[in-house]
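Written out below as structure tokens is the structure these notes cover.
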Amino acid sequence: MTPIPAQETLYTLIIFSENLAGVLNSVTGVFTRRQLNIESLNVSPSGFEKIHRYTITCRTDAKTIRTVALQLEKKIDVIMARYYTDDEVYVMEQALYKIASARLVADREISKAIRRHDAKIVEVNSIYAIVSKEGLHEEVRELYHALKSRGCLLQYVGSGVVAVTKSRREELSEFLEQRSRQAAEASTTAKSATAESPE
């Protein structure tokens with residue numbers, strides 16, 4: 001009997017690491033070894049000094065994503081790796097579209113499409129105009145297809161997903177506070193042992 005393949009879901013991984021060279025290669029290597037395709041990747045500073053944040057989206061099954069998160073946390077420079085489904089995070093993507101000014105002037109449907117998708121023109125000259133759009137990945141892609149179909153699109157770039165968790169807990173803050181307490185306790189214990197040791 002042929003086994004039923006596990007159902008795939010789009011997961012968002014949020015990974016925190018030390019801000020060191022080579023960490024990105026180490027992180028993406030975990031996906032490469034499992035032949036998992038990264039849908040989007042965004043690297044940025046976190047709200048904590050010397051800690052970087054990686055936001056990665058990946059389509060896979062629950063068992064695999066759990067294994068990936070555990071393997072990531074075993075990396076020496078990775079502080080924390082957590083994965084979330086769409087209902088557990090608020091996600092946003094930004095995109096820029098470079099369109100031909102001549103087509104923009106000649107075809108009113110282009111301006112209508114930009115307004116309909118809640119995008120805005122942020123720069124315009126005689127050669128091109130730049131349109132900016134923020135929203136969900138699907139919304140960003142919808143505008144891409146609308147502009148592409150009008151024959152005006154010169155360049156397109158998406159930022160990759162950024163995400164914040166909907167949970168009331170701030171897991172990284174809790175983890176760093178716990179680590180700080182443990183370091184302080186270890187230091188106190190070491191000082192006590194030194195003070196009590198015979199000369």
Side-chain angles (χ1 to χ4, degrees), residues 6-96 132-141 157-195:
Q7 186 173 358
E8 291 194 342
T9 303
L10 184 66
Y11 289 96
T12 300
L13 289 102
I14 299 177
I15 303 154
F16 295 97
S17 80
E18 306 289 347
N19 183 18
L20 299 170
V23 176
L24 179 59
N25 188 51
S26 180
V27 166
T28 55
V30 173
F31 293 84
T32 303
R33 282 191 295 277
R34 293 194 155 267
Q35 298 184 326
L36 293 173
N37 184 47
I38 292 175
E39 302 274 338
S40 75
L41 186 153
N42 187 292
V43 183
S44 64
S46 72
F48 298 87
E49 189 178 355
K50 296 181 181 178
I51 295 178
H52 262 48
R53 178 189 183 109
Y54 300 76
T55 305
I56 298 173
T57 57
C58 177
R59 194 173 295 278
T60 187
D61 59 82
K63 182 180 178 181
T64 302
I65 202 69
R66 191 180 307 116
T67 303
V68 166
L70 289 171
Q71 287 182 341
L72 286 166
E73 287 199 331
K74 288 179 181 176
K75 301 291 181 185
I76 192 166
D77 298 320
V78 171
I79 298 167
M80 179 181 291
R82 297 289 185 270
Y83 61 92
Y84 306 91
T85 54
D86 282 349
D87 59 335
E88 297 173 310
V89 288
Y90 179 79
V91 298
M92 181 72 74
E93 187 172 339
Q94 184 174 29
L96 294 176
S132 174
K133 163 74 180 165
E134 290 181 344
L136 299 175
H137 176 74
E138 295 76 17
E139 297 169 345
V140 166
R141 293 298 292 179
V157 62
S159 66
V161 168
V162 292
V164 291
T165 60
K166 294 180 180 178
S167 172
R168 293 175 182 269
R169 292 181 58 206
E170 297 299 336
E171 291 183 86
L172 181 61
S173 297
E174 292 174 5
F175 177 83
L176 293 175
E177 287 171 9
Q178 181 183 7
R179 190 168 74 170
S180 180
R181 283 196 302 271
Q182 289 173 342
E185 288 169 5
S187 177
T188 302
T189 303
K191 287 178 182 177
S192 297
T194 302

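Values below: every heavy atom of this structure, side chains too, minus hydrogens, waters and symmetry copies.
- The closest side-chain heavy-atom distance from Ile56 to Val27 is below 4.5 Å.
- With sequence neighbours left out, Glu171 forms a salt bridge (charged side-chain N to carboxylate O under 4.0 Å, His left out) with Arg82.
- Pairs of residues two or more places apart, or lying in two chains, never qualify as salt bridge (Lys or Arg N to Asp or Glu O under 4.0 Å) while including a residue from residues 16-36.
- For Lys74, there are no side chain to side chain contact (heavy atoms under 4.5 Å, CB included) partners, not counting sequence neighbours.
- Side-chain atoms of Ser46 come within 3.5 Å of backbone N or O of Ile51 as a donor-acceptor pair.
- When all heavy atoms of Asn37 and Cys58 are compared, the closest pair comes out as O-SG, 3.7 Å.
- Note: Thr64 OG1 to Gln35 CD = 11.5 Å, rounded to the nearest 0.5 Å.
- With rounding to the nearest 0.5 Å, the separation of NE2 in His52 from CD1 in Ile15 is 13.5 Å.
- Taking 4.5 Å as the limit, every side-chain heavy atom of Phe16 sits out of range of all side-chain heavy atoms of Val78.
- The two atoms that bring Leu72 and Ala81 nearest to each other are CB-CB, 3.9 Å, heavy atoms only.
- Within the 4.5 Å cutoff, no side-chain heavy atoms of Glu88 are placed close to those of Lys166.
- Looking at Val68 and Tyr83, their side chains never come closer than 4.5 Å, going by heavy atoms from C-beta outward.
- Between Leu10 and Glu39, the closest side-chain pair of non-hydrogen atoms falls below 4.5 Å.
- The shortest side-chain heavy-atom distance between Leu13 and Tyr54 does not fall under the 4.5 Å cut-off.
- Annotation: the span from Arg141 atom CZ to Lys133 atom NZ amounts to 14.0 Å, rounded to 0.5 Å.
- Within a 6.0 Å radius of CZ in Phe48, other residues, nucleotides and ligands contribute more than 12 heavy atoms.
- In this structure the side chain of Asn42 never reaches within 4.5 angstrom of the side chain of Val161, judged on heavy atoms.
- The two atoms that bring Ser132 and Gln94 nearest to each other are OG-NE2, 3.6 Å, heavy atoms only.
- Considering every non-hydrogen atom in both Ser26 and Lys75, the closest pair reads OG-CD, 3.3 Å.
- In this structure, Thr55 contributes its side chain and Val162 its backbone to no donor-acceptor pair below 3.5 Å.
- Shown here for Ala95 and Val140, the closest heavy-atom pair between the two residues is CB-CG1, 3.4 Å.
- Contact of the Leu24 side chain with the Leu41 side chain is registered, since non-hydrogen atoms from C-beta on lie closer than 4.5 Å.
- The shortest heavy-atom contact between Leu136 and Val91 is CD2-O, 3.6 Å.
- Note that OH of Tyr11 and OG1 of Thr85 are 7.0 Å apart. Values are rounded to the nearest 0.5 Å.
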